[in-house]
Amino acid sequence: MENIGIKNIEQVDDKTLGIEWTDALKSNYDVVLLRRKCPCAQCIDEWTRKPRLKDEDVPDNVRPIRIDSVGRYAMSISFSDGHKTGIY
């Protein structure tokens, strides 16, 4: 079985992040939703899995300011609200 990884990441527009995968599939993601659903321990309790972050705590104009690849198929996003610990 072939591993699928990230081929390219781009900011499609102010609110959309685009990912092209090595299998040629292209996906678009809402950047505000990505921030609000961050899976890191700061945003989700590691023991109970309950969200610590409330949607209203994330401004509707939050944007990625830096995106780094993590391994072959994950990424880390630094957001304009100062958050940068999640791995997606």
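Because only heavy atoms are used, hydrogens play no part in the values below, and waters and symmetry mates are left out as well, while side chains stay in.
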The criterion is salt bridge (charged side-chain N to carboxylate O under 4.0 Å, His left out); which residues satisfy it with [X], sequence neighbours excluded?
{"X": "R52", "result": "D45"}
{"X": "D81", "result": "R35"}
{"X": "R66", "result": "D68"}

Please round to the nearest 0.5 Å and tell me the distance separating atom [atom1] of [X] and atom [atom2] of [Y].
{"X": "L17", "Y": "I77", "atom1": "CG", "atom2": "CD1", "answer": "5.5 Å"}
{"X": "S69", "Y": "N8", "atom1": "OG", "atom2": "CG", "answer": "9.0 Å"}
{"X": "T16", "Y": "D30", "atom1": "OG1", "atom2": "CG", "answer": "6.5 Å"}

Quick check against the 3.5 Å criterion: does Y88 have a side-chain atom that pairs as donor or acceptor with the backbone of L34?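 Side chain of Y88 to backbone of L34: a pair is present.
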So [Y] and [X], do their side chains get closer than 4.5 Å, heavy atoms only?
{"X": "I19", "Y": "M75", "value": "yes"}
{"X": "F79", "Y": "I65", "value": "no"}
{"X": "Q11", "Y": "V31", "value": "yes"}

Looking at every non-hydrogen atom in both residues, tell me the closest pair between [X] and [Y] and how far apart they are.
{"X": "R49", "Y": "E46", "answer": "CD-O, 4.0 Å"}
{"X": "C40", "Y": "T85", "answer": "SG-OG1, 3.0 Å"}
{"X": "I44", "Y": "C38", "answer": "CG1-O, 3.5 Å"}
{"X": "R36", "Y": "P59", "answer": "NH2-C, 4.3 Å"}

Linked, directly or transitively: I67 and W21 (ILVMFWY side chains, under 4.5 Å): yes
Show every salt bridge (charged side-chain N to carboxylate O under 4.0 Å, His left out) that has at least one partner inside residues 4-21, sequence neighbours left out.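 Of all non-adjacent pairs touching residues 4-21, those that pass salt bridge (charged side-chain N to carboxylate O under 4.0 Å, His left out) are K7-E20.
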Under the side-chain hydrogen bond (donor to acceptor under 3.5 Å, both in side chains) rule, collect the residues that match up with S76, sequence neighbours excluded. none
Can you name the side chain to side chain contact (heavy atoms under 4.5 Å, CB included) partners of K54, sequence neighbours left out?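 E56, D57.
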